[in-house]
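Report on the structure given below.
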Amino acid sequence: MESKTLKIASIPGDGTGPEVTAEAIKVLAAVAEIEKFHFEVEPLDWGGDRYLRTGEIIPEGGLDLLRTKDAVFLGAIGHPDVAPGILEKGLLLDLRFKLDQYINLRPVKLLPGVETPLAGRKPSDIDFVVVRENTEDLYCGVGGYLKKDTPDEVAVQQAIYTRKGCERCIRWAFEYTRQRNSPKKMLTLVAKTNVLTFGHDLWYRTFEEVAKEYPDVKTDYNHVDACCMWMVKNPDYYDVIVTTNMFGDIITDLGGILQGGMGVAAGGNLNPDSGGVSMFEPMGGSAPKYAGQNVINPIAAINAMAMLLEHSGFPIAGRKIDAAVAAVTGTKMKSQAAGKMGYSTEEVGDLVVESLS
Ligand code: IPM
Ligand code: MN
């Protein structure tokens, strides 16, 4: 891999997005020097400010530009002067759909020194991964109104599930569970087959069928409501969870808080097909009230950069960042909350860089 130049498009985005992105790129530069590989980052000014200025969210030719890259790094989107939903749909969801990033990978891992709201739980108790389908379900935007703005108004919002869509996600999750190769080696399907008797029946049947190709992986099923209780009561039960888009959105915020909150949680939107372009992001939002103050936690963004490297052919560099982050959370930072870390945003980035070597 040494001769390959890693080409990244960076969309720092809104609010504190640019600050955390800068720290992630700082850490990338440091690990690239240690691991001796080249990288290029092309910064793109997509986000709320550009939208307010130009009315454009993804500029013309933008998708084709991203397709020439090895990966995309997204800081944060969400602007106080832009109505909710516009940037989410026009940027984040549009990129997920148009780049066909059909896996949303969200590790739930409690790092050393990080506080979890679950009493008495240690890092070894909270270490599982959620594989969320990322292109279907209620996220498709299929629906409509009847008699809008009248007392008889009807709104319909459809959940779409396709055999192709669930099968590729489920198969990827089995493969991932096999490769993760934890002592549990267990894949839990999380759905709601007792109520969603069509869509989630398709998921269940597909899961059972694909499972036959993976006799070494233990299979398991939870209804989503029970899963929420179990994640709190027995997080150590889980290894890998595969789930639908909407449920995955909800349970990964629960997972995010179990692992210490939005300051640390990161995710990847993967298109694992050959030639596919994946996008990595910290899970916290743009936190506009902290913007420009150098107090936001960059650890989630740095974790997202580690995931980017791991999934773009530089797994050793990714693991080096993971180890450096664990050293910093475990021995330096006072808290993972913005403004309470004991260090500024830039200082946390510097500490990770120092811990790399
Ligand atoms: C996430 C976010 C997005 C989602 C929003 C911002 C559209 O909550 O990445 O989990 O619902 O997928
Ligand atoms: Mn979410």
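Both counts, for ligands and for their atoms, begin at 1 and track the order of listing.
For residue Asp249, an N/O/S atom approaches the Mn ion (ligand 2) to within less than 2.8 Å.
For Asn269 (side chain) and Gln101 (main-chain N/O), no donor-acceptor pair under 3.5 Å exists by modelled atom type. Looking only at distances, a side-chain donor or acceptor of Thr329 sits under 3.5 Å from a matching main-chain atom of Pro112. In terms of modelled atom types and a separation under 3.5 Å, the side chain of Ser312 and the main chain of Leu309 share no donor-acceptor contact. A donor-acceptor pair under 3.5 Å links the side-chain atoms of Asn303 to the main chain of Val264, judged by distance alone. At distances below 3.5 Å, not a single donor-acceptor pair connects side-chain atoms of His223 with backbone N or O atoms of Lys192.
Contacts with ligand 1 closer than 4.0 Å are made by no heavy atom of Thr252, backbone or side chain. With a 4.0 Å heavy-atom cut-off, ligand 1 is reached by the side chain of Arg96 but not by its N, CA, C or O.
Atom 11 (O) of ligand 1 has Tyr139 OH, 2.6 Å as its closest protein atom, hydrogens excluded (heavy atom only). What sits closest to atom 2 (C) of ligand 1 on the protein, heavy atoms only, is Asp249 OD1, 4.0 Å. What sits closest to atom 5 (C) of ligand 1 on the protein, heavy atoms only, is Leu92 CD2, 4.2 Å. In terms of protein heavy atoms, atom 1 (C) of ligand 1 is closest to Arg106 NH2, 3.3 Å.
Looking at Asp220 and Lys184, no side-chain N of the basic residue comes within less than 4.0 Å of a carboxylate O on the acidic one, giving no salt bridge.
The N/O atoms of Arg132, backbone and side chain alike, include one that comes under 3.5 Å of an N/O atom in ligand 1.
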